[in-house]
Amino acid sequence: MADETTELFEKAVRLHSRRLLAIARAVVGYRASAEDVVQQAVLNLFEHRERYDWREPGGLLRRAVVNEALRILRKPKMSVVDEEQVPGGVMPDAAIQNREMITHVRAAIAKLPEHFRSALVLCEYENLSYAEIAKTLDASVPQVKTWIFRARRQLAEMLKGYYEAERRGLRT
Amino acid sequence: MSDMYPVPDEELELLDAYLDDALSDQALSELRARLAVEPSMMAALRMLRDERSTRQAFFQSIDPTPAEVDELVADIRHAAARKRWWQDRRKLTRWASAVAACLVMGIAGAFVYHAWDKTPLRSNGDTPMVSGNGMNTVSARARYAVEVTDETGNVMAVQHFDNESEANDFRRDVRLMQQRHRQTTHGMTIMDNDF
């Protein structure tokens, strides 16, 4: 029984690690190591692995990673990961302009409040429904809708100058 | 904030829900009808789509490479194996502690029982008691004890013996001694074979 659980756990980790790592990167940004966040979240689950159903572990793992990321961000002292060390810097087929735009968006997303950012990531990266996001973040659906709406509007405000310049560039 | 867009916040919320694929069939058909006739709504939708595509580019950029994922999976497997090893040791330690505790309790219990077993049984009804004036001879399971008592019957001392004859000899000697003491105390002289 214990071996079966461990096997299912390892299978779940192999299957979901890529997306979990991306979620952690989006939520913690430069402020912590996303790899550490995922590893800690997954090991916390592993410690009590007998309690969980590992046949459908996607939601469980996602929730654990988001919660761990938020927990890390709430810590008063945090080591800032250098921008050069942030994974994901390598973008195949990405032009300099594209890289510049991504840098702007990344910086803007990093400035969002944690819950706004988490909800936005789960919505636009994980393509979860509002109800699933609410479950993951332990919030209500209206609250999640508000967070996502505000996150988008704050991002738009922060990137306003960039968008305007881009539109002017497109027009000329 | 809505001054950036050609429509108010409520409409933006509706358009966001449309792009999130969160509208009901009815709401969807109503919105499509509006989009066909309201240029401001269409313009706002285009803006939201543009913004979303920039965010999508960011999300693509944070997608880990297969090598990064492999490294993370290997780290997690290694850490999980280590955690499992410690969990197994802790479980083993708990079992060993429980067994040790049982042993200690057993030994302590046996010690207490043994110590209780050695104490003289003075007035236990099951135990045969040899009594005389001033003293009682008590036979325990393996030993004999003679209690030396005063005139009122209070036990002043207990002497242990390995066999009954020794206990009886001691009892007789003490009885004689006590008789002499009483005679001396009360000023009486009794002619006896001993004199």
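The sequence lines fix the lettering, A, B, ..., with proteins before strands; numbering per chain opens at 1. Any value given below was found using the heavy atoms of this structure, including those in side chains, with hydrogens, waters and symmetry copies removed.
Taking both residues in full, the closest heavy atoms of E124(A) and Q56(B) are given as O-NE2, 2.9 Å, listed atom of the first, atom of the second, then distance. Nearest heavy atom pair, residue S61(B) against residue R106(A), reads OG-NH2, 3.8 Å.
Contact of I109(A) with chain B is made through the side chain alone, with heavy-atom distances under 4.5 Å. Interface remark: Y130(A) contributes side-chain atoms only to the contact with chain B (heavy atom separation under 4.5 Å). Residue contact with chain B, scored on non-hydrogen atoms closer than 4.5 Å, involves the side chain of E10(A) exclusively. Heavy atoms closer than 4.5 Å to chain A are found in both the backbone and the side chain of E13(B). When heavy atoms are compared at a cutoff of 4.5 Å, V13(A) approaches chain B by way of both its backbone and its side chain. There is no contact between S129(A) and chain B, counting heavy-atom distances below 4.5 Å. Heavy atoms of L155(A) lying under 4.5 Å from chain B belong exclusively to its side chain. Contacts between Q60(B) and chain A at a heavy-atom distance below 4.5 Å are absent for every atom of the residue. Only the side chain of R77(B) comes within contact range of chain A, judged by heavy atoms closer than 4.5 Å.
The choice from L20(A), V121(A), V42(A), V105(A) that makes the most heavy-atom pairs within less than 4.5 Å of chain B is V105(A). Most heavy-atom pairs under 4.5 Å with chain A, from the set V73(B), D70(B), T54(B), V69(B): that is T54(B).
For R89(B), the CZ atom counts as densely surrounded, since its 6.0 Å shell holds more than 12 non-hydrogen atoms of other residues, nucleotides or ligands. The 12-atom threshold is not exceeded at CG of D138(A), counting heavy atoms of other residues, nucleotides or ligands nearer than 6.0 Å. Atom CH2 of W95(B) has 12 or fewer neighbouring heavy atoms from other residues, nucleotides or ligands inside a 6.0 Å radius.
Within residues 19-28 of chain B, the residues that have a heavy atom under 4.5 Å from a heavy atom of chain A are D20(B), A22(B), listed by number.
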Kindly determine whether E47(A) and K83(B) satisfy salt bridge (charged side-chain N to carboxylate O under 4.0 Å, His left out), including the steps that lead there.
CA-CA 7 Å; E47(A) 186 150 17; K83(B) 200 173 253 290; 3.0 Å; yes
So L72(B) and V38(A), side chain to side chain contact (heavy atoms under 4.5 Å, CB included) or not? Walk me through it.
CA-CA 8 Å; L72(B) 176 66; V38(A) 175; 3.8 Å; yes
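When side chains are defined from C-beta on, F58(B) does not count as touching T103(A), because their heavy atoms never get closer than 4.5 Å. Within the 4.5 Å cutoff, side-chain heavy atoms of F46(A) are placed close to those of R84(B). With a 4.5 Å cut-off on side-chain heavy atoms, Q87(B) and R49(A) count as touching.
Ion pairing between R152(A) and E51(B) fails under the 4.0 Å rule for side-chain N and carboxylate O. Between R153(A) and D16(B) there is a salt bridge, with a side-chain nitrogen of the basic residue lying less than 4.0 Å from a carboxylate oxygen of the acidic one.
Taking CG of D75(B) as the start and CG of L43(A) as the end, the distance is 10.0 Å to the nearest 0.5 Å. Atom CZ of R55(B) is separated from atom CD1 of I102(A) by 14.0 Å, given to the nearest 0.5 angstrom.
Under the 4.5 Å side-chain heavy-atom criterion for ILVMFWY residues, a single connected hydrophobic cluster contains both L14(B) and M4(B).
Cation-pi geometry between R25(A) and F59(B) is not met: the NZ or CZ atom fails to fall both under 6.0 Å from the ring centre and inside 45° of the normal.
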